[in-house]
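Every number for a ligand or one of its atoms is a count from 1 in the order of the listing.
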Amino acid sequence: MLLPTSIIAVLPGTWPAVNVPPPANANYTKLVNISKIRNAPTTKPNATTPTCPTTDTYCYWTCSLCTRNDTDIVNCPNKLDWGLTLDDGPTSFTTSVLDYLDTQNVKVTFFVIGSNVYQNPDILLRAFKAGHQIGVHTWSHTALTSQSNEVVIAELKYTLDAIKAATNVTPKYMRPPFGDYDDRIRDISTQLGMKPTIWDLDTNDWLSNDDKSFQLSWITANFTQWVSDPALKTTGHISLEHDLYNQTAAQIPLVVPILKKANYSIKPVHECIGDPYPYVENVTLAKATTTTTTTTTTQAPTPTPEITPTQPNVVTTPTHTQKTSDATIIFKSDLLSLSFVVVLFFVSLFY
Ligand SMILES: *[C@@H]1O[C@H](CO)[C@@H](O)[C@H](O)[C@H]1NC(C)=O
Ligand SMILES: *[C@@H]1O[C@H](CO)[C@@H](O)[C@H](O)[C@H]1NC(C)=O
Ligand SMILES: *[C@@H]1O[C@H](CO)[C@@H](O)[C@H](O)[C@H]1NC(C)=O
Ligand SMILES: *[C@@H]1O[C@H](CO)[C@@H](O)[C@H](O)[C@H]1NC(C)=O
Ligand SMILES: *[C@@H]1O[C@H](CO)[C@@H](O)[C@H](O)[C@H]1NC(C)=O
Ligand SMILES: *[C@@H]1O[C@H](CO)[C@@H](O)[C@H](O)[C@H]1NC(C)=O
Ligand SMILES: *[C@@H]1O[C@H](CO)[C@@H](O)[C@H](O)[C@H]1NC(C)=O
Ligand SMILES: *[C@@H]1O[C@H](CO)[C@@H](O)[C@H](O)[C@H]1NC(C)=O
Ligand SMILES: [Zn+2]
């Protein structure tokens, strides 16, 4: 139910149970100086109906859409830049999205779930090699503000590890599931080397999975409206869609032409904010070549390596490997919280 994806491959090694918050790992906790984390209260574990404070001391986006200009990426600054972001993959539906983006020579940003990376590492590697930006979207897609510091660290670090294991790079950008973040989550993310990246335009495409009154045509209608809205002409934008479901992934070939026709330049988020290094490692990224529009060829992009690691393994090797017996214990100790999390997933779905 959570993963509408055929399992193509599984990352080697021992990993936490999928789709539940991973256990705290002391090796990871010590990567963060807890005393430097702003002490926002842990929220109730319900992303759809948060308990909102009367004063927004900790800039809690879920309640106030508050963002911090020193850490958060909110939009693309240049008027005609569009950061197309796709969350919750990689899934089997990501493949058709990648096929389409290749034909268009368009690069986007994927914020990926560690549990899905574990199950689809080959698809993630393909997205990375094609030059798309890979960012962190946690291990289990939990509402981060509802979790302890230690579990938030584990959610982020295990996902960094999974991405590193699949692609050999370490992302510098993360997106909190449900946009659920506050200063505590900002500080943990920043100390782990990642900038929080939110969106300014939301398709709500994920609603289409359970809400039968949701019309898929609203997604393209939203894009058509956004590109013609005078109020949206002063900056570029970051839009939110999902490659988690077949029907939402299938919208990408419909929205890209709308943006192109409106003269928007679709870019990975790191590129639109002027950061040539989306990863800790210094890798040369495949760029969208603007010259292809003047050629008449329709051939697929060259299969030669597009990513050249120029400085591999700058970061230390992940220390995630656990004994199988540890993993078994983790599974058992998580059974109680598992039943709760299943309820949470049914209630709050994926954003
Ligand atoms: C922490 O790191 C040590 C040394 O690498 C390792 O033996 C231990 O298994 C790790 N603990 C966990 C929970 O990963
Ligand atoms: C953690 O941060 C505090 C406050 O800035 C500082 O005093 C302390 O030395 C730091 N600890 C470590 C291990 O870096
Ligand atoms: C960033 O936010 C702070 C606090 O709200 C504000 O004082 C400052 O002017 C802002 N800086 C920029 C560059 O917008
Ligand atoms: C945009 O999408 C929302 C649902 O997220 C929908 O209510 C609205 O009607 C759409 N706008 C257009 C112009 O279709
Ligand atoms: C996915 O969506 C496409 C386009 O709407 C459709 O043709 C295809 O049958 C769907 N595949 C699955 C597995 O649902
Ligand atoms: C896009 O750019 C072309 C070439 O500069 C121009 O002719 C056209 O009017 C522009 N379209 C829009 C929607 O701005
Ligand atoms: C990254 O590698 C390129 C090519 O080797 C080099 O020109 C550039 O200075 C490097 N950048 C950083 C930040 O290390
Ligand atoms: C989330 O909030 C809704 C509405 O208040 C409530 O019905 C639901 O039981 C809550 N779910 C959890 C997991 O607390
Ligand atoms: Zn998500």
Problem set entry | Atoms in ligand 4 flagged as close to Gln225, the criterion being non-hydrogen separation under 4.0 Å | 11 (N), 13 (C)

Exercise. With sequence neighbours left out, which residue pairs that include part of residues 259-270 fulfil the side chain to side chain donor-acceptor pair (under 3.5 Å) condition?
Worked result: Asp81-Lys267, Gln104-Lys260

For this session: Would you check if the distance from the ring center of Phe178 to the ring center of Trp61 is below 6.0 Å?
Result: no

For this session: Have a look at Ile219, Asn222, Thr220, Leu201 and point out the one with the heavy atom closest to atom 1 (C) of ligand 4.
Result: Asn222

Exercise. Can you check whether a protein heavy atom sits less than 4.0 angstrom from atom 11 (N) of ligand 3?
Worked result: yes

Exercise. Within less than 4.0 angstrom of ligand 4, does Asp205 place any heavy atom?
Worked result: no

Problem set entry | Angle subtended at the Zn ion (ligand 9) by His137 NE2 and Asp88 OD1, rounded to 10 degrees | 90°

Exercise. Taking the N/O/S atoms of His141 one by one, which is nearest to the Zn ion (ligand 9)?
Worked result: NE2

Exercise. Does Thr142 reach the side chain of Gln147, with side-chain heavy atoms less than 4.5 Å apart?
Worked result: yes

For this session: Write out the residue and atom name of the closest protein heavy atom to atom 6 (C) of ligand 3, then the distance separating them to 0.1 Å.
Result: Asn69 ND2, 4.2 Å

Seminar exercise, completed: The closest protein heavy-atom partner of atom 4 (C) of ligand 4 is Trp218 CE3, 3.9 Å

For this session: Flag the pair Asp183 and Arg186 as a salt bridge only when some basic side-chain nitrogen lies within less than 4.0 angstrom of an acidic carboxylate oxygen.
Result: yes

Exercise. For atom 8 (C) of ligand 3, is some protein heavy-atom partner under 4.0 Å away?
Worked result: yes

Exercise. Hey, do the aromatic rings of Tyr158 and Tyr28 have their centres closer than 6.0 Å?
Worked result: yes

Problem set entry | Pair Asp87, His242: side-chain N/O donor-acceptor within cut-off below 3.5 Å | no

Exercise. To which protein heavy atom is atom 14 (O) of ligand 4 closest, and what is the distance rounded to 0.1 Å?
Worked result: Ala221 CB, 3.2 Å

For this session: Mark yes or no: Arg184 above the aromatic ring of Tyr58, with NZ or CZ under 6.0 Å from the six-membered ring centre and no more than 45 degrees from the axis.
Result: no

Exercise. What pair of heavy atoms forms the shortest contact from Ala262 to Val227, and how long is it?
Worked result: CB-CB, 3.7 Å

Seminar exercise, completed: Thr203 heavy atoms within 4.0 Å reach ligand 4 at atoms 5 (O)

For this session: Heavy atoms only: give me the nearest Ile163-Gly135 pair and the separation to one decimal.
Result: CD1-O, 4.0 Å

Problem set entry | Per-atom contacts, ligand 4 versus Asn204 - under 4.0 Å to a heavy atom | 5 (O)

Exercise. Taking N or O atoms only and a 3.5 Å limit, does Asp202 qualify as a polar contact for ligand 4?
Worked result: no

